[in-house]
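First up is the structure itself, then whatever we jot down about it.
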4 protein chains.
Amino acid sequence: MKEQMTDKRKAILAAALTLFTERGFHGTPTSLIAQDAGVATGTLFHYFKTKEELIESLYLDIKKEAGTVLRDAGKSKGDWREKLDNICMAYAEWGLENARKIHFMQQFCYSPFISKATHQEGVSNFLFLIDQIALGIKEGAIRDYPPEIILSIVSSGLMTSILAAAREKDPQKQHKVLNQSIDLILYGVLQE
Amino acid sequence: MKEQMTDKRKAILAAALTLFTERGFHGTPTSLIAQDAGVATGTLFHYFKTKEELIESLYLDIKKEAGTVLRDAGKSKGDWREKLDNICMAYAEWGLENARKIHFMQQFCYSPFISKATHQEGVSNFLFLIDQIALGIKEGAIRDYPPEIILSIVSSGLMTSILAAAREKDPQKQHKVLNQSIDLILYGVLQE
Amino acid sequence: MKEQMTDKRKAILAAALTLFTERGFHGTPTSLIAQDAGVATGTLFHYFKTKEELIESLYLDIKKEAGTVLRDAGKSKGDWREKLDNICMAYAEWGLENARKIHFMQQFCYSPFISKATHQEGVSNFLFLIDQIALGIKEGAIRDYPPEIILSIVSSGLMTSILAAAREKDPQKQHKVLNQSIDLILYGVLQE
Amino acid sequence: MKEQMTDKRKAILAAALTLFTERGFHGTPTSLIAQDAGVATGTLFHYFKTKEELIESLYLDIKKEAGTVLRDAGKSKGDWREKLDNICMAYAEWGLENARKIHFMQQFCYSPFISKATHQEGVSNFLFLIDQIALGIKEGAIRDYPPEIILSIVSSGLMTSILAAAREKDPQKQHKVLNQSIDLILYGVLQE
DNA sequence: CATGAATGAGCATTCATTCAT
DNA sequence: TATGAATGAATGCTCATTCAT
């Protein structure tokens, strides 16, 4: 547990999340991040050797958090439909409360600021889902298609839906959008 | 006929497409765009008043081209499944040959470099699909969900699949990925 | 008479006068001068080889015009006080109607954009005044001080007064300011 | 004590003074100012947010210094002629040693680079002279003309004379020119 | 004579990073 | 650990000037 997550470190990451999504990577001066985080410019470079290291740390933190949310939701009991529904809803719920993190992932996962290696490491948090899907296929609950393809389609659909839901003001409407989206996504995936 | 699309203008847009996707907006100097396009730096600013205007023009051009591809494919005859399949395959085919354009849209559609107004204008090229989907619902071929939701889930799924397919080297594998992805996407959408 | 003073040439000089006083030399693009003059950018360089040549031509034209005004006024009859008063008032009158030209001279006579040679040539239009002053001294009407000093003090006082008068809106007030200023200036110069 | 006047700040102002008078505002690259001041370009912008702020600061500094010189000289004892003579000579003396500052004021006081507000603030350093002149008028020593007019004529005459004197090499000649000029200026102002 | 597209050197300003305190 | 003044390379954009039409 090398990561002690000082308050200052956390503040820097939080400020960076907001600023990077709102202004892009190069559009965000490190001095501004430091300012918003309430620390001196030099301090930022004490915690992160370079600006690149900062965005990659942020990326990994978010991916890890998202992975944990999914893993926890995956422990729910019930049949496959229920299980997948739970996982999707848990992710959507978290995404709605952390829209900026979804936004961040969407914007930076294919950007040149995240190295291939970091991207790999980030994705690794979701790999257990591949196994789960394979299991669902074997049990005849999920259509027999390559699990990677299923995962990428489901997750891109979810991300887009969360962002769409976040654009609604009314929480009831938000949930309606999410429920309908998840219905559609799972129709595509589940064997009827 | 305001748009005469000079050769130089085209060259600048082409160079910008490649560089923006590879290095990001702020990561790409205008001088480099000009160099790659084979024109002087001043010339770039003769055609586009600012760097922002350049990226927005590029965005609109691509969205327009994508809209045209879809519109043409939508004229095909046949039942709904065939029709949707044709549309998706045409889009995927185009996307595969223009992976950079897909990449560009994915990376910049939610970025702060494209103004809301431009985003709106870009999306307008796809609005006719909403009507089509509504028609399909009325005819009982497409599940009865809000057409906007259906459109956003289908298109995000398609984009992701195209990018995944583009990562494959072998054209045969590419098409297999695409076919399987489109199958899955349409399962979700079509009423069986 | 090499100078045929085409309409276009005149238009360029007029536009340049306004723009140079309002925005400075380097602050005024030649393209803007051309635009305001209603000609193409290339045309400006047909009449003036460089931007420097333009400002120097403008400077000389103005100095020449000012010299002519003074020379004409100097032909008036009457005693020395009357004569000097006439000269000053004529100059002030012209300056009031051509405040921009006064402003221009004030701003650029010591600026680095006017070469020493051009400055010399411009000043030559006023040299006859030195002789006049010398004559006035010899006749005992003007105090016995070096004519160059007298000239420079009188003319700087006049310029400043014209600019001050031009700042007033009411023509009556303008003239009051001018008359009072000229009174004061001549008190200093005339032998009582 | 907001103004700590760091060494670096002082060096930048000194370099700017020389360069602006010699090459004009737009004719002077900030990089050259920094170089001449012996600091990095970034440092210049650490002390002055923009090039405009730099020239305005410089203008205010000089006006303040000039005002102080006059104020100190105004404390001298003696009759009005002596007093005005002292003030003028003190100013001329300072101007001779600081010809560049005089040159700067002459060149930029009516230029578009100094905002109206800054001009006002600069002029405020001389306002006490208006009161002095009014007093002189009341006591019958100075001719009864609007004090503002008297001030502007005297000061423009002085400035011009200082510049003329500065053009002489020989210090003796310089002082002769100044003395004669001040004589002439005061003849115009003083009631005999 | 007149045009205006094209050029590319030049400049104001920003910003990641360092380092003395 | 924390600070923030100082650095200077890098970049978006401007503009005098040319030249093919």
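Predicted model, so just to flag it, every value in this text is computed and none were measured.
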> In dot-bracket notation, what is the pairing pattern of DNA chain E, taking Watson-Crick (N1-N3 plus N6-O4 or O6-N4) and G-U wobble (N1-O2 and O6-N3) contacts under 3.5 Å, with [ ] crossing and | for other strands?
Replying inline: .||||||||||||||||||||
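The nearest heavy atom of DNA chain E to A:Thr28 and to D:Arg23 marks one nucleotide each, and the one closer to the 5' end goes with D:Arg23. Both A:Gly38 and C:Lys49 lie close to DNA chain F; mapped to their nearest nucleotides by heavy-atom distance, the more 5′-ward contact belongs to A:Gly38. Projected onto DNA chain E by closest heavy-atom contact, C:Val39 and A:Pro29 fall at different nucleotides, the more 5' of which corresponds to C:Val39.
Looking at A:Thr28, its side chain does come within 3.5 Å of a backbone N or O of A:Leu19 through a donor-acceptor pair.
At F:dT1, none of the side-chain N or O atoms of A:Tyr47 fall inside 4.0 Å of OP1 or OP2 (strictly under the cut-off). When the side-chain nitrogen and oxygen atoms of B:Lys8 are compared with OP1 and OP2 of E:dT7, one or more of them lie within a distance under 4.0 Å. The shortest distance between the side-chain N/O atoms of D:His46 and the OP1/OP2 oxygens of F:dA5 is below 4.0 Å. In this model, the phosphate group of E:dC11 is not approached by any side-chain N or O of D:Ser31 to a distance below 4.0 Å at OP1 or OP2. OP1 or OP2 of F:dT11 has not a single side-chain nitrogen or oxygen of B:Thr30 nearer than 4.0 Å. Taking 4.0 angstrom as the limit, C:Thr41 places none of its side-chain polar atoms (N or O) nearer than this to OP1 or OP2 of E:dG4.
Rounded to a whole Å, the CD atom of C:Glu52 is 9 Å from the P atom of F:dA16. Per the geometry, CZ belonging to B:Phe20 stands 13 Å off P belonging to F:dT11, to the nearest Å. Look at CD1 on C:Ile33: it is 15 Å from C1' on F:dT14, rounded to the nearest Å. We find that NZ of D:Lys51 is positioned 14 Å from P of E:dT14, with the value rounded to whole Å. Going from atom CG of C:Leu44 over to atom C1' of F:dC19 covers 16 Å, rounded to whole Å. For the pair A:Asp7 CG and F:dT1 P, the interatomic distance rounds to 13 Å; values are reported in whole Å. Regarding A:Gln35, its CD atom lies at a distance of 16 Å from the C1' atom of E:dA16, rounded to whole Å. D:Leu32 has its CG atom 15 Å from the P atom of E:dT13, to the nearest Å.
For A:Arg9 against A:Phe48, the heavy-atom pair with the smallest separation is NH1-CE2, 3.6 Å. The two atoms that bring A:Thr18 and A:Thr21 nearest to each other are O-OG1, 2.9 Å, heavy atoms only.
Residues C:Ile102 and C:Met105 are in side-chain contact: their nearest non-hydrogen atoms beyond the backbone lie under 4.5 Å apart. Side-chain atoms of B:Lys8 and B:His46, non-hydrogen and from C-beta on, never get closer than 4.5 Å to each other.
A cation-pi arrangement is found for C:Lys51 relative to C:Phe25, the charged atom lying closer than 6.0 Å to the ring centre and inside a 45° cone about the ring normal.
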Listed pairs under 3.5 Å, donor-acceptor, residues 108-117 of chain C side chains, sequence neighbours left out:
from, atom 1, to, atom 2, distance (Å)
C:Ser111, OG, C:Phe108, O, 2.9
C:Ser111, OG, C:Phe113, N, 3.3
C:Ser115, OG, C:Glu56, OE2, 3.3
C:Ser115, OG, C:Thr118, N, 3.2
C:Ser115, OG, C:Thr118, OG1, 2.9

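In the displayed structure, C:Arg23 atom CZ is contacted under 6.0 Å by more than 12 heavy atoms of other residues, nucleotides or ligands.
The listed nucleotides are E:dA12, E:dA2, F:dT17; the one nearest the side chain of C:Thr43 is E:dA2.
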